[in-house]
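Just so it is clear: chains get the letters A, B, ... in the order the sequence lines come, proteins before strands, and each one is counted from 1.
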There are 2 protein chains.
Amino acid sequence: MVKTQETLRRALHERGLRMTPQRQLVLDAVRELEHATPEQICARVQVQAPAVNITTVYRTLDLLERLGVVRHTHLGHGAPNYSVREHQHVHLVCHDCGDVAEVPTELLDDLAGSLRDRFGFRLDATHVALSGACTACAAARRTEGRTLEEADS
Amino acid sequence: MVKTQETLRRALHERGLRMTPQRQLVLDAVRELEHATPEQICARVQVQAPAVNITTVYRTLDLLERLGVVRHTHLGHGAPNYSVREHQHVHLVCHDCGDVAEVPTELLDDLAGSLRDRFGFRLDATHVALSGACTACAAARRTEGRTLEEADS
DNA sequence: TTAGGTGCAAATCGTTTGCGAGTAA
DNA sequence: TTACTCGCAAACGATTTGCACCTAA
């Protein structure tokens, strides 16, 4: 919390950059909203400071990300989703209803190990959401129409 | 192959839809290109039929997807990536150099099992690319001595 | 004759860029 | 003074929509 803020201020200062109200507000919004799009973050910031432009939000998110304070995740089709860096988990996105579940990153530890050993690939478990069908939609699908592939057999 | 084409024709007919040259060409392009964005698919189609509009490509891809003939994958920030449904594997995308590797879906079998048992979530292994650092970029990063503050997305 | 299919232009969404003005060190 | 910051407008890339025309059943 405060730690990140001081870390940010120091990191900015080291690079000759300043801690501004806008940057403060954007960081606060990211932390409070937990998962939010630039649009949502902007709306939140504008509650306190209506004059802040969405361009500034984009620029600030980009900066905060380069400083390692926030990260973004692609949850699916639309806009990316920002959260503070400490807030780590794997996202499960239902491609039918769009529901997003969060599960611990440890679930990917084995996979990360295989990818590293076999392909030299360092998995970043938090950056991308896993897609599939949630319990409800998987059940619904089983009782419904089938796809072309399935009908073909 | 011919099989999919006939299957498609039948599926279309069942729904009162027609097999048109455009649809044929789009499907051919998706298959030939293996992984391609709507833009690339359109370009390919226009080699044979320059008048075909990108709008038609989008509409056709959407239709083919609903029929289960093609699928799309989000490889990262930009446009989605279409391939025929049979063409299955997991994508590993390097978030530094953008390189895309393909690995067998079996790697995710264990994970898919856990997600199903513990969360009722049916993983679709092919829809999303896994993000991380490829061998080269992981090595480069280590020698650069990046600090926490310098970590990048 | 009617539903389906297409092309074209315009709209939309998310994001970036150019630029001029403001402000802290 | 000199960077750095910001807001605003415009540009931009990807995709969608509205609409008129056209064609197969």
Side-chain angles (χ1 to χ4, degrees), chain A residues 8-27 29-30 33 35-46 48-67 69-82 98, chain B residues 8-27 29-30 33 35-46 48-67 69-70 72-82 98 153:
Chain A
L8 172 57
R9 170 166 257 123
R10 202 179 62 238
L12 287 169
H13 193 258
E14 275 170 16
R15 285 147 225 256
L17 308 177
R18 284 169 258 169
M19 173 61 110
T20 66
Q22 284 91 336
R23 286 170 182 170
Q24 185 97 357
L25 287 166
V26 168
L27 178 54
V30 171
L33 297 173
H35 290 287
T37 62
E39 204 88 33
Q40 295 169 324
I41 292 164
C42 187
R44 175 63 160 248
V45 167
Q46 288 177 337
Q48 313 243 2
V52 173
N53 195 276
I54 191 157
T55 303
T56 301
V57 173
Y58 276 107
R59 283 193 280 232
T60 303
L61 287 172
D62 187 64
L63 173 65
L64 294 179
E65 187 151 37
R66 276 184 287 114
L67 294 177
V69 179
V70 306
R71 60 148 48 81
H72 78 268
T73 305
H74 292 280
L75 254 35
H77 307 262
N81 209 281
Y82 284 82
Chain B
L8 172 57
R9 170 167 258 123
R10 202 176 64 237
L12 288 168
H13 194 257
E14 274 172 17
R15 286 151 224 250
L17 308 177
R18 285 169 239 155
M19 175 61 112
T20 66
Q22 285 91 336
R23 286 172 181 169
Q24 186 98 352
L25 287 166
V26 169
L27 178 54
V30 171
L33 297 173
H35 289 287
T37 63
E39 205 88 34
Q40 295 168 325
I41 292 163
C42 186
R44 176 62 161 250
V45 166
Q46 288 177 338
Q48 312 244 1
V52 172
N53 195 277
I54 190 154
T55 303
T56 300
V57 173
Y58 275 108
R59 284 194 279 232
T60 303
L61 287 172
D62 187 64
L63 174 65
L64 294 179
E65 186 151 37
R66 277 183 287 113
L67 294 178
V69 179
V70 307
H72 78 268
T73 305
H74 293 280
L75 253 36
H77 305 262
N81 209 282
Y82 285 82
S153 75

First-last contacting nucleotides on DNA chain C - partner chain A, under 4.0 angstrom, heavy atom:
C:dG14 to C:dA24
Could you tell me whether the side chain of B:Thr56 reaches within less than 4.5 Å of the side chain of B:Val26, counting heavy atoms only?
no
Reckon B:Pro80 touches a base, only the sugar-phosphate, or nothing at all at heavy-atom distances under 4.0 Å?
sugar-phosphate
Just to be sure I understand the rule, does B:Thr55 reach a base, reach only the sugar-phosphate, or reach nothing, if contact means heavy atoms closer than 4.0 Å?
base
Between atom CE in A:Met19 and atom P in D:dC4, what is the gap in whole Å?
17 Å
Quick one: is D:dC6 close enough that its OP1 or OP2 comes under 4.0 Å of any side-chain N or O from A:Asn53?
no
Would you call B:Thr20 and B:Thr60 a side-chain contact if the rule is heavy atoms closer than 4.5 Å?
no
Name the nucleic acid region contacted by A:Arg59, choosing base, sugar-phosphate or nothing; use a 4.0 angstrom heavy-atom cut-off, strictly under.
base
Which listed nucleotide (D:dT23, D:dT17, D:dC6) is nearest to the side chain of B:Arg18?
D:dT23
By the 4.0 Å heavy-atom rule, please label A:Gly78 as base, sugar-phosphate, or nothing.
nothing
Has B:Tyr58 got a side-chain N or O lying under 4.0 Å from the OP1 or OP2 atom of D:dT15?
yes
Using heavy atoms to find the nearest nucleotide of DNA chain D for B:Glu39 and A:Thr56 separately, return the residue whose nucleotide is more 5′.
A:Thr56
Check whether any side-chain N or O of A:Thr20 sits under 4.0 Å from OP1 or OP2 of D:dC4, and answer yes or no.
no
Counting only heavy atoms from other residues, nucleotides and ligands, does the tally under 6.0 Å from CZ of A:Arg44 exceed 12?
yes
What I'd like to find out is whether the side chain of B:Leu12 reaches to under 4.5 Å of the side chain of B:Leu63, using heavy atoms alone.
yes
Measure the distance from CD on B:Gln22 to P on D:dC22 and round it to the nearest whole Å.
15 Å
Are side-chain heavy atoms of A:Leu61 and A:Val30 found at a separation under 4.5 Å?
yes
Atom-pair distance (CG on B:Asp62; P on D:dT15), nearest Å
12 Å
Taken to the nearest whole Å, CD1/A:Ile54 to C1'/D:dA9 is 14 Å
